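What you see is a predicted model; the values in this text were computed from it and never measured.
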Amino acid sequence: YLPQRTSITIYLFFLIELNREMTYVLFFGCLFMTFGPSAALFLITVMRSNQLIILSIGGSFFWLLSILVASIWWYIIPPLRNTYAFIIPFSVLFQELGRFVFYKIYAWAFLRQDDRNEQLSDNARLRSLASRPNNIAASVAIGVGAGITYALVMYTSILWESSGPGTIFSPACPKTSLFMVSAVIAMLFTLLHVFWSILAFEAYRRRIWRKAVVVWLSHLTCSFLTMANLQGGKCAGSVVPILVITAVVGFYAVRSILKSDSIVRKV
């Protein structure tokens, strides 16, 4: 009896340790999947310039500010707190208004500074700090800041739970880990924030309003598609359409970059 009991104890201990190691694999896999692309963009693009780092922090701040406004709006109207058809459009509205306000501040600070440059002509260091960055690089930096902040706010608490013990399966996909599905969606939204910033800034700067419409409609559509992960929905009805929209919006953003008049300007 004792040898049998000892073997069962050892077997259970082995299963617990194996489960713990597997949850660590899941944790780091979700971590790298979510933050890998945005971290690469930050290291390759944003880290090149102090100005871009500041703009990235600004994009992060304005996204947080827009979410704060959306949260206040959600709180002051209790009957509509569980009505997603009301919550999501206003959340997207406040986020895009925050992006537009930040563009206006950026335009005031960098795009209309001829008079200020004349005042700083005697100080080369101040003139260098006040010089206008590349518009494309600036929009990428702002989008990276907003995207990373989105992932930190929306996914970090879920990511921490993936460290175990055990796992949780998605209500819409009983055979798929909720942490993995959420990681994929968070990664796609971080990339979308970069693409949206590129298109929105180009639209506001050159008054090409169809690009702004693409940003607003794709943002609203992707936000509603996340509801497919709820009970009764299908993961394929959420992840696949968001992936397709990300690819289309990304192609449109790259095409916009190649046709931009600021692509030849160095940071």
Side-chain angles (χ1 to χ4, degrees), residues 37-38 40-42 44-46 48-49 51-52 55-67 70 88-112 132-151 154 185-226 241-265 267:
S38 54
L41 281 173
F42 185 86
I44 295 172
T45 304
V46 180
R48 296 169 53 197
S49 168
Q51 287 180 330
L52 297 182
L55 288 172
S56 181
I57 295 172
S60 172
F61 171 77
F62 271 85
W63 186 86
L64 287 173
L65 187 63
S66 65
I67 291 299
I88 291 177
F90 278 100
S91 176
V92 172
L93 174 65
F94 290 132
Q95 289 181 59
E96 293 304 328
L97 285 178
R99 202 188 312 271
F100 176 74
V101 170
F102 190 36
Y103 165 78
K104 299 299 289 185
I105 296 174
Y106 166 80
W108 175 84
F110 291 110
L111 303 183
R112 301 173 182 175
R132 176 173 67 87
N134 179 286
N135 290 321
I136 298 300
S139 60
V140 170
I142 294 167
V144 168
I148 291 177
T149 307
Y150 166 87
M154 298 296 185
I185 293 177
M187 177 196 66
L188 294 176
F189 267 88
T190 58
L191 294 175
L192 280 169
H193 273 288
V194 177
F195 301 147
W196 288 332
S197 291
I198 294 172
L199 292 174
F201 275 51
E202 187 76 5
Y204 301 145
R205 185 172 65 88
R206 301 179 61 187
R207 300 184 185 277
I208 307 176
W209 302 118
R210 68 175 182 274
K211 294 184 179 181
V213 172
V214 170
V215 172
W216 287 61
L217 288 181
S218 61
H219 195 167
L220 184 64
T221 302
C222 288
S223 298
F224 270 111
L225 284 172
T226 59
I242 295 176
L243 178 61
V244 172
I245 292 174
T246 303
V248 172
V249 175
F251 174 80
Y252 194 27
V254 172
R255 184 170 175 268
S256 178
I257 291 174
L258 296 176
K259 291 187 175 182
S260 174
D261 58 358
S262 63
I263 190 173
V264 296
R265 180 182 173 85
V267 178

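Ring centroids of W196 and H193 are separated by less than 6.0 Å, placing the two rings close together.
Looking at P37 and M187, their side chains come closer than 4.5 Å, going by heavy atoms from C-beta outward.
Among all heavy-atom pairs drawn from T45 and V140, the shortest one is CG2-CG1, 4.0 Å. Shortest non-hydrogen contact noted between I198 and A253 is CG2-O, 4.1 Å. Looking at every heavy atom in both residues, A138 comes nearest to L55 through CB-CD1, 3.6 Å. Across G59 and F102, no two heavy atoms sit closer than the pair N-CE2, 3.4 Å.
The backbone N or O of Y252 lies less than 3.5 Å from no partner atom in the side chain of S256, so there is not a single donor-acceptor pair. Proximity of a side-chain donor or acceptor of S218 to a complementary backbone N or O of V215 within less than 3.5 Å is detected. S56 places no side-chain N or O within donor-acceptor distance of the main-chain N or O of L52, the cut-off being under 3.5 Å.
Y204 and Y103 have tilted rings, their planes meeting at an angle from 30° to 60° on a 0 to 90° scale. Taking the six-membered ring where tryptophan is involved, the planes of Y150 and W63 are perpendicular, since the angle between them exceeds 60° and thus also 30°.
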### Task
Take I136 and F201 through the test side chain to side chain contact (heavy atoms under 4.5 Å, CB included) and record every step on the way to the result.
CA-CA 8 Å; I136 298 300; F201 275 51; over 6 Å; no
### Query
Can you list the steps and then say if I88 with L220 is a side chain to side chain contact (heavy atoms under 4.5 Å, CB included)?
CA-CA 7 Å; I88 291 177; L220 184 64; 4.3 Å; yes
